[in-house]
> 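This is the structure I want to talk about, given as structure tokens.
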Amino acid sequence: MTTKQPSDSPIRRRCVVVAMCVALAAAGGVAGLKTLQSPPTLLAIAPSERAAMSASTTSRDGLSQAMATLTARVAANAADDQAAVALADVLMRQARVSGDGSLPMRAEVVLTNTIAATDSYLGRRMMGAVYLAQHRFLAALEAGRKARQMRPDDPWNYGVIGDAAIELGRYDEAFAAFD
């Protein structure tokens, strides 16, 4: 009698594939997935500001400059959801570069204020990613679902739902979202 090894489990294989895809996307290794992140971030900024920031938002100095510019925009107008989402994105990038765990919390505050002021789809969409970064998977799942209700054709929402569901051990829901 032959028994299957645990490593041969179809669920385990699917989890490994999904985890690898998520890791590659997070690292920017999958060009197609990376472009899905662009619209609510730098593309939402005025062309003059985007030109100044786009080449420099991966360096520490560039991220700091982008944070200052976007913080000023959000402070001047809390309803500027494009600036708020771009600021949240920059804060998340800076957190990865610096290891500063307070920056995702700051991103959450920025988005919460913008959502309260405008019920912004872009803010709700980005909030799912912020919750994932904070390892608040139930909150991320709920944010992804709310954003999906607003725009069911946006693949970002299915990624948030799938990532959160994987982390919560809800594999059927995760695979349905990824499919």
Side-chain angles (χ1 to χ4, degrees), residues 6 9-44 70 74 78-97 99-179:
S9 163
I11 291 177
R12 179 169 163 51
R13 283 194 304 262
R14 288 176 89 178
C15 287
V16 169
V17 169
V18 168
M20 289 172 50
C21 289
V22 170
L24 284 172
V30 180
L33 292 176
K34 189 174 180 182
T35 59
L36 294 176
Q37 297 173 2
S38 297
T41 57
L42 289 178
L43 294 180
L70 292 166
V74 171
D80 186 348
D81 66 340
Q82 293 178 348
V85 170
L87 177 57
D89 181 60
V90 169
L91 289 166
M92 300 294 288
R93 290 173 191 237
Q94 184 74 334
R96 286 190 293 270
V97 169
D100 184 347
S102 70
L103 295 176
M105 302 304 279
R106 184 172 162 203
E108 179 184 359
V109 169
V110 167
L111 293 174
T112 299
N113 292 339
T114 297
I115 291 168
T118 65
D119 194 29
S120 165
Y121 167 72
L122 292 177
R124 288 189 184 283
R125 180 184 194 261
M126 186 66 172
M127 187 67 88
V130 169
Y131 287 145
L132 285 172
Q134 296 173 358
H135 292 204
R136 294 175 54 197
F137 303 119
L138 283 174
L141 186 61
E142 184 61 28
R145 288 175 178 162
K146 283 181 183 176
R148 180 183 61 189
Q149 286 177 338
M150 295 174 86
R151 299 251 176 97
D153 60 331
D154 188 344
W156 174 287
N157 301 322
Y158 295 95
V160 168
I161 291 167
D163 285 352
I166 284 274
E167 294 293 344
L168 294 168
R170 299 177 183 179
Y171 301 113
D172 290 340
E173 184 177 0
F175 297 136
F178 290 139
D179 285 344

> Could you tell me the separation between the CD1 atom of Ile161 and the CZ atom of Phe178, rounded to the nearest 0.5 Å?
10.0 Å

> Could you check whether any side-chain heavy atom of His135 comes within less than 4.5 Å of a side-chain heavy atom of Phe137, counting everything from C-beta outward?
yes

> How many angstroms lie between atom CG of Leu87 and atom CG of Leu111, to the nearest 0.5 angstrom?
8.0 Å

> Do Met126 and Asp89 make a side-chain contact, defined as non-hydrogen atoms from C-beta onward lying under 4.5 Å apart?
yes

> Judged by atom type as modelled, is there a donor-acceptor pair below 3.5 Å linking the side chain of Tyr158 to the main-chain atoms of Asp153?
no

> Just how far is it from atom CZ of Arg148 to atom CG of Asp154, taken to the nearest 0.5 Å?
12.0 Å

> Roughly how far, to the nearest 0.5 Å, is CZ of Arg124 from CZ of Arg151?
12.5 Å

> List the atom of Ala177, the atom of Gly162, and the distance in Å for their closest heavy-atom pair.
CB-N, 3.8 Å

> For residues Pro104 and Gln134, report the shortest heavy-atom separation together with the two atoms involved.
O-NE2, 3.0 Å

> Please find the pair of heavy atoms, one from Trp156 and one from Arg125, that lie closest to each other, and give the distance.
NE1-O, 3.0 Å

> Please name the pair of heavy atoms, one in Leu132 and one in Val160, separated by the smallest distance, quoted to 0.1 Å.
CD1-CA, 4.1 Å

> How far apart are the closest heavy atoms of Ala117 and Ala78, and which atoms are they?
CB-O, 4.3 Å

> Within the distance-only criterion (no hydrogens, no angle test), does the side chain of Glu108 pair as donor or acceptor with the backbone N or O of Val130 below 3.5 angstrom?
no

> Quick check against the 3.5 Å criterion: does Ser120 have a side-chain atom that pairs as donor or acceptor with the backbone of Ile115?
no

> Looking at CD of Glu142 and CZ of Arg136, how far apart are the two atoms once the value is rounded to the nearest 0.5 Å?
12.5 Å

> Could you check whether any side-chain heavy atom of Thr112 comes within less than 4.5 Å of a side-chain heavy atom of Met127, counting everything from C-beta outward?
yes

> Is the closest side-chain heavy-atom distance between Glu173 and Leu141 below 4.5 Å?
yes

> Which value, rounded to the nearest 0.5 Å, describes the distance between Thr118 atom OG1 and Asn113 atom CG?
10.5 Å

> Which heavy-atom pair separates Ala147 from Tyr121 by the least distance, and what is that distance?
O-CE1, 3.4 Å

> Do Arg145 and Gln149 come close enough that some side-chain heavy atom pair is under 4.5 Å?
no

